[in-house]
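Below is one structure, written out as structure tokens; the observations come after it.
Owing to the predicted nature of the structure, the values given are computational and were not obtained by experimental measurement.
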Amino acid sequence: MSTYDRIYDIVRQIPPGQVATYGQIAELANLFGKARLVGYALYQVAPEDTDIPWHRVINAKGEISQSPHRNGSDAWQRSLLEQEGVQFGPDHKINLRDYRWQPDRSVMDA
DNA sequence: TGCTTGACTTTAC
DNA sequence: AGTAAAGCCAAGC
């Protein structure tokens, strides 16, 4: 069981129409403070890999993280999210308050 | 083997 | 509010 396996395991559990931040994934995978590894792990996942919903992982700002090496897979990511009903704000940001994934919401209030 | 880089986050000016 | 720096760990060279 490698570190990345734990990350992928968490990412696989993100339900459609919801998103999670890198830091959140790291925390759930018992890797608090190691958010970079999450991004690095996802970097190794091929965009066409449908086994892992990599597109549901975004940064803490609610935006799709970009990198010189992505070259368009970021646009693809946005497309996939919109397809699942995730709406982007005027500045191309996702409202985490509404779409953030709540893994274990035992205390359901209101 | 050792140094640099990176799909990040948080805290501090 | 936008910018800067530090912490983290695996991969590539």
Side-chain angles (χ1 to χ4, degrees):
Chain A
M1 193 60 164
S2 71
T3 305
Y4 284 7
D5 290 328
R6 286 203 296 280
I7 294 174
Y8 297 144
D9 199 41
I10 300 296
V11 175
R12 261 188 288 259
Q13 295 176 40
I14 306 176
Q18 296 191 24
V19 297
T21 65
Y22 294 95
Q24 184 180 2
I25 299 297
E27 190 176 347
L28 291 171
N30 260 313
L31 299 167
F32 183 78
K34 303 167 193 146
R36 306 197 67 158
L37 292 198
V38 178
Y40 209 74
L42 291 180
Y43 173 72
Q44 308 229 9
V45 177
E48 46 271 341
D49 191 336
T50 52
D51 183 45
I52 301 173
W54 56 271
H55 56 280
R56 301 189 190 135
V57 185
I58 59 177
N59 62 27
K61 298 190 291 283
E63 247 302 329
I64 296 173
S65 294
Q66 300 184 25
S67 171
H69 307 299
R70 295 199 65 181
N71 281 322
S73 69
D74 50 344
W76 186 2
Q77 176 170 8
R78 168 167 182 164
S79 182
L80 288 171
L81 289 174
E82 289 179 327
Q83 186 178 327
E84 293 183 351
V86 177
Q87 297 176 2
F88 285 73
D91 43 1
H92 312 290
K93 290 204 271 191
I94 294 175
N95 191 333
L96 287 173
R97 192 185 51 187
D98 296 336
Y99 295 105
R100 188 172 182 266
W101 174 42
Q102 324 273 83
D104 191 337
R105 184 197 295 192
S106 52
V107 184
M108 184 70 91
D109 56 80

Quick one: closest heavy-atom pair of Arg56(A) and Gly17(A), and the distance? NE-N, 4.4 Å

So what does the secondary structure string of DNA chain C come out as, 5' to 3', with Watson-Crick or wobble pairs under 3.5 angstrom, [ ] for crossing and | for pairs with another strand? .||||||.|||||

Note: chain A reaches DNA chain C at heavy-atom distances under 4.0 Å over the stretch, first to last nt, 5' to 3', of dG7(C) to dA11(C)

Considering all heavy atoms of both residues, which atom of Val86(A) and which atom of Gln18(A) are nearest to each other, and what is their separation? CG2-N, 4.5 Å

Same cluster (ILVMFWY, side-chain, under 4.5 Å), Trp101(A) and Tyr22(A): yes

Sorted by number, the residues of residues 78-90 of chain A with heavy-atom contact under 4.0 Å to DNA chain B: none

Assign each of Ala35(A) and Tyr4(A) to its nearest nucleotide of DNA chain C by heavy atoms, then name whichever residue's nucleotide is nearer the 5' end. Ala35(A)

Would you call Trp76(A) and His55(A) a side-chain contact if the rule is heavy atoms closer than 4.5 Å? no

All heavy atoms of Ala20(A) vs all of Ile25(A), minimum pair found to be CB-CD1, 3.8 Å

If I take atom CZ in residue Arg70(A) and atom P in nucleotide dG6(B), what distance separates them, rounded to the nearest angstrom? 14 Å

Hey, does Ile10(A) have a side-chain heavy atom less than 4.5 Å from the side chain of Gln24(A)? no

Which heavy-atom pair separates Ile7(A) from Ala41(A) by the least distance, and what is that distance? CD1-CB, 3.9 Å

Close side-chain approach of Tyr8(A) and Gln44(A), heavy atoms under 4.5 Å: yes

